[in-house]
Asks: 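Quick one: structure below, then a few questions.
Naming: A, B, ... by sequence-line order, numbering from 1 per chain.
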Amino acid sequence: LVKAEALSAPAKTGLAADEPAQQAMAQTYGTRVLFLPSPTAAARLAQKQDKLVFTLHVSGNFEDPQFT
Amino acid sequence: VSSFQKVGTFRIVVNPKRKNGNDKQGGNVASYFTTPDGRVLHLIAGPVTADTFLHEARWAVETCKLAQLEAGANLMRFQTFVRKAHVERLRQDHQIRPVDLPPPNFGVRTALPLPTLPLSAGGRVAMASPRRTVPLDAQGKVHLLLATYPMPRVEQIYTLVFQRILN
């Protein structure tokens with residue numbers, strides 16, 4: 001895993017200003033996709049923005065770089 | 001809007017029959033496209049190429065938009081439309097006719113995992129007429145699952161996906 005910097009601009013993340021914890025924890029993991037910390041947070045935001053939710057289920061070991 | 005969830009782990013098991021002596025059991029990935037209330041429109045079982053992923057993601061989004069246009073806020077009509085979309089993918093991609101598919105089950109409301117995929121031994125679909133079986137890959141099984149149980153909740157199917165589709 002490549003640890004990416006948390007995005008800081010609310011406009012860029014799409015997160016509301018009252019969701020600072022989620023905003024701080026959202027990461028891209030070396031991709032161009034911003035992953036929120038939990039499916040619940042993603043569902044809440046999707047509801048607000050009238051979007052679908054993409055959830056990745058991983059069976060593996062996050063501490064191992066080749067985790068699956 | 002994206003997120004991830006760790007739903008299991010894998011372990012290394014010593015297998016004396018293999019050259020390096022080890023087997024990996026359990027590691028895999030499944031990608032779900034859901035409505036905000038957690039109903040699965042589409043899913044990708046296992047790792048795929050970027051092109052395949054983009055194709056499937058676009059299909060999920062376009063199918064959802066069309067379903068919204070057709071059904072509005074009517075859940076049953078929405079489910080029916082999504083089922084038809086998966087049935088059509090089975091016909092186009094896997095040459096399985098709609099008449100050969102099991103009837104849909106729209107009423108699954110419990111949080112329990114779905115019981116089984118309607119597959120015969122060896123992951124093949126049993127066809128009634130003419131009597132034959134058709135092999136299905138993981139993505140074919142996904143379409144079969146979502147055509148049989150349209151728009152289930154993630155928690156109803158994720159064990160099924162890992163255990164029966166991804167093995």
Side-chain angles (χ1 to χ4, degrees), chain A, chain B residues 1-12 24-48 50 53-54 56-65 67-68 73 78 82 142 151 153-155 157-163 165-167:
Chain A
L1 284 176
V2 179
K3 189 172 181 181
E5 291 177 18
L7 297 176
S8 56
K12 196 169 186 179
T13 63
L15 292 169
D18 61 345
E19 295 167 315
Q22 291 170 21
Q23 187 177 327
M25 293 173 70
Q27 295 188 33
T28 57
Y29 299 98
T31 70
R32 295 176 67 181
V33 179
L34 185 72
F35 288 92
L36 293 192
S38 77
T40 311
R44 242 189 337 254
L45 186 61
Q47 188 81 57
K48 281 182 187 173
Q49 297 186 345
D50 195 24
K51 287 184 176 177
L52 296 182
V53 179
F54 166 60
T55 305
L56 201 58
H57 274 193
V58 179
S59 165
N61 184 355
F62 284 175
E63 282 68 45
D64 185 336
Q66 296 172 330
F67 57 84
T68 61
Chain B
V1 183
S2 308
S3 184
F4 65 88
Q5 202 164 23
K6 184 176 176 178
V7 292
T9 185
F10 69 83
R11 56 184 179 161
I12 303 297
K24 190 183 75 169
Q25 291 184 350
N28 223 317
V29 64
S31 313
Y32 292 85
F33 300 93
T34 71
T35 57
D37 65 346
R39 290 183 175 275
V40 179
L41 292 163
H42 190 32
L43 73 97
I44 302 171
V48 294
F53 186 90
L54 187 60
E56 297 297 335
R58 283 180 173 154
W59 183 84
V61 171
E62 292 308 317
T63 300
C64 182
K65 283 181 185 172
Q68 285 172 333
F78 207 112
V82 172
V142 164
M151 295 180 69
R153 296 188 179 281
V154 175
E155 61 268 25
I157 60 167
Y158 79 96
T159 52
L160 189 73
V161 170
F162 267 94
Q163 290 173 3
I165 295 180
L166 292 168
N167 299 313

Asks: Quick one: list whatever passes ring-ring contact (aromatic ring centres under 6.0 Å, His included) with A:Phe54, sequence neighbours left out.
Replies: B:Phe33, B:Phe53
Asks: Quick check for you: to the nearest 0.5 Å, what is the distance between B:Ser2 atom OG and A:Lys51 atom NZ?
Replies: 9.0 Å
Asks: Quick check: closest heavy atoms across A:Leu45 and B:Val1, and the distance to 0.1 Å?
Replies: CD2-CG1, 3.8 Å
Asks: Which distance, rounded to the nearest 0.5 Å, do you find between the CG of A:Leu52 and the NZ of B:Lys65?
Replies: 9.5 Å
Asks: Where on B:Val61 is there a heavy atom nearer than 4.5 Å to chain A: the side chain, the backbone, both, or neither?
Replies: both
Asks: Heavy atoms only: give me the nearest A:Ala42-B:Ser3 pair and the separation to one decimal.
Replies: CB-CB, 3.7 Å
Asks: Roughly how far apart are B:Ile44 CD1 and A:His57 NE2, rounded to 0.5 Å?
Replies: 13.5 Å
Asks: Given 3.5 Å as the limit, does a donor-acceptor pair link the side chain of A:Thr55 with the main chain of B:Tyr32, or not?
Replies: no
